[in-house]
Chemist: 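Encoded as structure tokens, here's the structure I'll be asking about.
Reminder, nothing fancy here: chain letters follow the sequence lines and each chain counts from 1.
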Protein chains: 2
Amino acid sequence: MSPKAAARPGGRSARVQQAVHAAVRELQAEHGRAELTVPQIASRAGVTPSTVYRRWGDISELLSDVAVERLRPETPPADLGSLREDLEHWAVDFLEEMSSPPGRSYIRDALAGDPDGGNAGQCSAYAVEQVDTILDRATARGEHVPDTDTLMDHVVAPMMYRILFRPGLLDAQYARDLVTTVFYRLMPLP
Amino acid sequence: MSPKAAARPGGRSARVQQAVHAAVRELQAEHGRAELTVPQIASRAGVTPSTVYRRWGDISELLSDVAVERLRPETPPADLGSLREDLEHWAVDFLEEMSSPPGRSYIRDALAGDPDGGNAGQCSAYAVEQVDTILDRATARGEHVPDTDTLMDHVVAPMMYRILFRPGLLDAQYARDLVTTVFYRLMPLP
DNA sequence: CCACTAACGCAAACCTTTCGCTTTTATGTG
DNA sequence: CACATAAAAGCGAAAGGTTTGCGTTAGTGG
């Protein structure tokens, strides 16, 4: 069902998927996302519209796939020497990227064309991965660390909630304050 | 722009809006949301498709409006006699309603057809209203209460995040645990 | 190297969306 | 209360997007 789990992942299928994804990114950059149409995308990618409809079902599922790709972190979180600094820095970066107009669009696209929640789950998995990297490093340093889920629930979730439902209440200090709350209130004491 | 802020809210416009909304609800119940089409909706509502397109722009904005309407709380939160009980009961109810398949659909519909975030903001405003009702009652009883934003950030946001991004990690106990965390860790001490 | 079949291209049928114009009807004013 | 004004709805046609069946191409495994 999902285009990600293609039964025949090599060769032409892979080329078509890459070409279509690239076409979506190009056309999104040139015109708005609102004006995207499947025939335009297909033409740019050098395939026929029916190919796109067959593989993705409709345009929102295609946009969802492309959005998830763009929300994938490109680099591991910075290592600043302490858990507190790493988390604050990562949270500020995450918030800045996700709360930007393009970031919010990608998040909403990822959610919209995603009936079974697979793509949204992938977004969350990216954040878990980044957080775990920071926590593993801190553990290796011998620091006491909070649970991954504590950070997801009380740092990531509040930021995402405000991004989606309460725009206008966001700045870097908010991200830092959430990390501070985890440190002073929610972290298991040694 | 938004159909909610109609320049001419009375009479025929209001009747058309009600008829269209009712048609959407009926057709959603009869067939799936995937099979909804504007001409079907218009026909059921006794208007022409062009009327729907003119007022709502496209079908996702219409679905967003209808979804927000369905997410409006119908009753104030139950008064069980204490802040703790009121919050736990409300959180469990909220989670159950929002995490159900129809609830998740409405949330995603509300987010999808909502470029400026107005409808999503309304959803959040409903939750704020319910929480404030509980907090005001507790204050009147003389209880110490947390901030509204503390509850939004650390009870509502984690639930919504899991509903949207991490389905399958949800049960009533999770809602109660979030309230417990606020009580033992995040509430200002008297 | 061959058989098998998923995936693609093509084209026709169908449906959705938009546009210009006309008609209806709230709403405010004399 | 009648009238003027303009917002909103109706209508039909044209443009464009979506869906589907069938033949062909080209990965994949034996």
Chemist: Could you give the CG-to-C1' distance, from Leu62(A) to dG17(D), as a whole number of Å?
Modeler: 15 Å

Chemist: Quick one: which of Asp93(B), Val92(B), Leu87(B) gives a side-chain contact (heavy atoms from CB on, under 4.5 Å) with His89(B)?
Modeler: Asp93(B)

Chemist: Atom CG of Asp86(B) and atom CD of Glu143(B): how far apart are they, to the nearest 0.5 Å?
Modeler: 8.0 Å

Chemist: dG9(C), dC8(C), dG10(D): which one has an atom nearest the side-chain heavy atoms of Ser13(A)?
Modeler: dC8(C)

Chemist: Between Glu30(B) and Arg44(B), is there a salt bridge with N-O shorter than 4.0 Å?
Modeler: yes

Chemist: Kindly check if the number of other-residue, nucleotide or ligand heavy atoms within 6.0 Å of CD (Glu96(B)) is above 12?
Modeler: no

Chemist: Kindly compute the distance separating NE2 (His31(A)) from CD (Glu26(A)), expressed to the nearest 0.5 Å.
Modeler: 10.5 Å

Chemist: Nearest whole Å is fine: how far is dT18(C) P from Asp58(B) CG?
Modeler: 8 Å

Chemist: What distance separates Gln130(B) CD from Thr148(B) OG1, expressed to the nearest 0.5 Å?
Modeler: 12.5 Å

Chemist: Would you call Asp109(A) and Arg70(A) a salt bridge, taking side-chain N to carboxylate O under 4.0 Å as the test?
Modeler: no

Chemist: How many angstroms lie between atom CZ of Arg84(B) and atom CZ of Arg176(B), to the nearest 0.5 angstrom?
Modeler: 10.5 Å

Chemist: Starting at CZ of Arg162(A), measure out to CE of Met152(B) and round the result to the nearest 0.5 Å.
Modeler: 9.0 Å

Chemist: Is the phosphate of dC11(D) approached by Thr48(B) (side-chain N or O, under 4.0 Å from OP1 or OP2)?
Modeler: no

Chemist: Go through it in stages, so that I can follow the logic: the residues are Arg108(B) and Asp114(A), the test is salt bridge (charged side-chain N to carboxylate O under 4.0 Å, His left out), and I'd like the CA-CA distance, side-chain angles, deciding distance and then a yes or no.
Modeler: CA-CA 9 Å; Arg108(B) 296 197 303 121; Asp114(A) 187 27; 6.0 Å; no

Chemist: At less than 4.0 Å, is any side-chain N or O atom of Arg15(B) found next to OP1 or OP2 of dA9(D)? Yes or no.
Modeler: no

Chemist: Mind calculating the distance between CD (Glu35(A)) and C1' (dG17(D)) to the nearest angstrom?
Modeler: 15 Å

Chemist: Restricting both atoms to N or O, compile the protein contacts to nucleotides 12-16 of chain C shorter than 3.5 Å, with distance only.
Modeler:
residue	atom	partner	partner atom	Å
dT16(C)	OP1	Thr37(B)	OG1	3.2

Chemist: How would DNA chain C look in dot-bracket form, 5' to 3', counting Watson-Crick and G-U wobble pairs with both distances under 3.5 Å and writing | for bases paired to another strand?
Modeler: ||||||||||||||||||||||||||||||

Chemist: Measure the spacing between CG of Asn119(B) and CG of Asp65(B) and express it to the nearest 0.5 Å.
Modeler: 5.0 Å

Chemist: Pull out every protein N or O sitting under 3.5 Å from an N or O of nucleotides 19-23 of chain C, one pair per line with the distance.
Modeler:
residue	atom	partner	partner atom	Å
dG20(C)	O6	Arg54(B)	NH2	2.7

Chemist: Taking only N and O in the side chain of Arg55(B), is any of them less than 4.0 Å away from OP1 or OP2 of dA9(D)?
Modeler: yes

Chemist: Whole-Å distance between dT19(D) P and Glu61(A) CD?
Modeler: 11 Å

